[in-house]
Amino acid sequence: MDASAARTESASTTTVETQLSALLGPLRRAVLRRTRASEGLPDLPEAQIELLRLLATTGGLTPSQAAIELRVAQSTISNLIRTMAATGLVDRVPSTTDGRTATLVTSATARELLARYDHTSATMLRDSLAKLPLADQRALECALPALRQLLAALDR
């Protein structure tokens with residue numbers, strides 16, 4: 001049996017959840033890597049991108065709210081904020097009612113980076129998808145609702 005046949009046989013006997021688990025990380029990293037490289041975007045860690053996306057979507061959150069939303073420890077958020085504030089990606093807006101709290105918001109620089117990332121990522125994915133057979137393109141499109149449901153199930 002040649003190597004290609006062995007991989008096909010191995011993949012067919014592996015469960016869907018095992019294959020999906022093994023594929024998600026490399027797929028996510030490949031999209032990030034190609035997007036960054038094609039537009040010369042900074043090499044932001046994925047955790048920073050997630051926090052920026054959350055803040056952009058919500059319009060701003062306290063550090064505690066961000067930790068809850070991202071399901072990470074408060075110390076993780078604190079470390080992210082420290083790094084991101086130092087690089088000008090996150091701004092702290094002091095509370096008008098409580099001097100001890102602040103709302104985190106994306107900076108203008110971060111909003112511009114996210115817009116560039118989104119545009120570049122969409123273009124790169126569109127070009128890559130166009131290289132696949134039409135049946136595979138349709139299969140991926142049909143899988144999107146199921147992937148959204150899977151994400152919702154994982155978040156519960």
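Both backbone and side-chain heavy atoms feed into the values below; hydrogens, waters and symmetry mates do not.
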Is [Y] reachable from [X] through a run of I, L, V, M, F, W or Y residues, each pair having side-chain heavy atoms under 4.5 Å apart?
| X | Y | value |
| --- | --- | --- |
| L44 | V105 | no |
| L150 | L24 | yes |
| L20 | L154 | yes |
| L134 | L129 | no |
| L52 | I49 | yes |

Would you say that [X] contacts [Y] through its side chain, given a criterion of any heavy-atom pair below 4.5 Å between the two side chains?
| X | Y | result |
| --- | --- | --- |
| L89 | T106 | no |
| L132 | L140 | yes |
| T123 | H119 | yes |

Is there a side-chain contact (heavy atoms from CB on, under 4.5 Å) between R53 and D118 once you walk through the steps?
CA-CA 11 Å; R53 284 221 181 283; D118 288 344; 2.3 Å; yes
[atom1] of [X] to [atom2] of [Y]: how many Å apart, nearest 0.5 Å?
| X | Y | atom1 | atom2 | result |
| --- | --- | --- | --- | --- |
| L125 | R34 | CG | CZ | 8.5 Å |
| L70 | T76 | CG | OG1 | 10.0 Å |
| N79 | M84 | CG | CE | 12.0 Å |
| I68 | Q74 | CD1 | CD | 8.5 Å |
| T87 | R82 | OG1 | CZ | 12.5 Å |
| D91 | L55 | CG | CG | 10.0 Å |

By the definition side-chain contact (heavy atoms from CB on, under 4.5 Å), identify the one residue from T120, V31, D43 that meets it with R36.
D43
Would you say T62 and S64 are linked by a side-chain donor-acceptor pair, where the criterion is simply a distance under 3.5 Å?
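Absent: no donor and acceptor within the cut-off.
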Apply the test side-chain contact (heavy atoms from CB on, under 4.5 Å) to residues T58 and E69: give CA-CA distance (whole Å), side-chain angles for both, the deciding distance (0.1 Å), then the verdict.
CA-CA 11 Å; T58 60; E69 287 292 320; 5.9 Å; no
Quick check: are there more than 12 heavy atoms from other residues, nucleotides or ligands sitting under 6.0 Å from CD of E17?
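It does: E17 CD has more than 12 such atoms within range.
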Is it true that atom CZ of R116 has more than 12 heavy atoms of other residues, nucleotides or ligands lying nearer than 6.0 Å?
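It does: R116 CZ has more than 12 such atoms within range.
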